[in-house]
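Just so it is clear, the values below take in all heavy atoms, side chains as well, and ignore hydrogens, waters and symmetry mates.
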Amino acid sequence: MDRRKLGTTGPEVSAIGLGAMGMSGMYGPADRSESVAAIAAALGAGINLIDTGDFYGMGRRGPIAQDPTSHG
């Protein structure tokens, strides 16, 4: 996976990111196990940039994105 520096002094992140808005229920019902599987697959593919905007699902996606292996 290609990496890019985030900003001028930030960390290196994957060139491809995973957007978590669809996991928040903003587009309809969200399935927790599918969300965890998607995040785990992204991490397995070398993606380390996960967009978890604080307004997505009123903050409910953050804990899953922090450690997807602890949520089944």
**OP:** Please identify each residue that fulfils side-chain contact (heavy atoms from CB on, under 4.5 Å) with A38, with sequence neighbours left out.
**Re:** M23
Original post:
With A37, which residues qualify under side-chain contact (heavy atoms from CB on, under 4.5 Å), at least two apart?
Top reply: none
Original post:
Between G22 and A30, which heavy-atom pair has the shortest distance, and what is it?
Top reply: O-CB, 4.2 Å
Let me have the donor-acceptor pairs involving side chains of residues 10-21, under 3.5 Å, with sequence neighbours excluded, atom names and distances please.
{"from": "S14", "atom 1": "OG", "to": "I16", "atom 2": "O", "distance (Å)": "2.7"}
{"from": "S14", "atom 1": "OG", "to": "N48", "atom 2": "N", "distance (Å)": "3.0"}
{"from": "S14", "atom 1": "OG", "to": "N48", "atom 2": "OD1", "distance (Å)": "3.3"}
{"from": "S14", "atom 1": "OG", "to": "L49", "atom 2": "N", "distance (Å)": "3.4"}

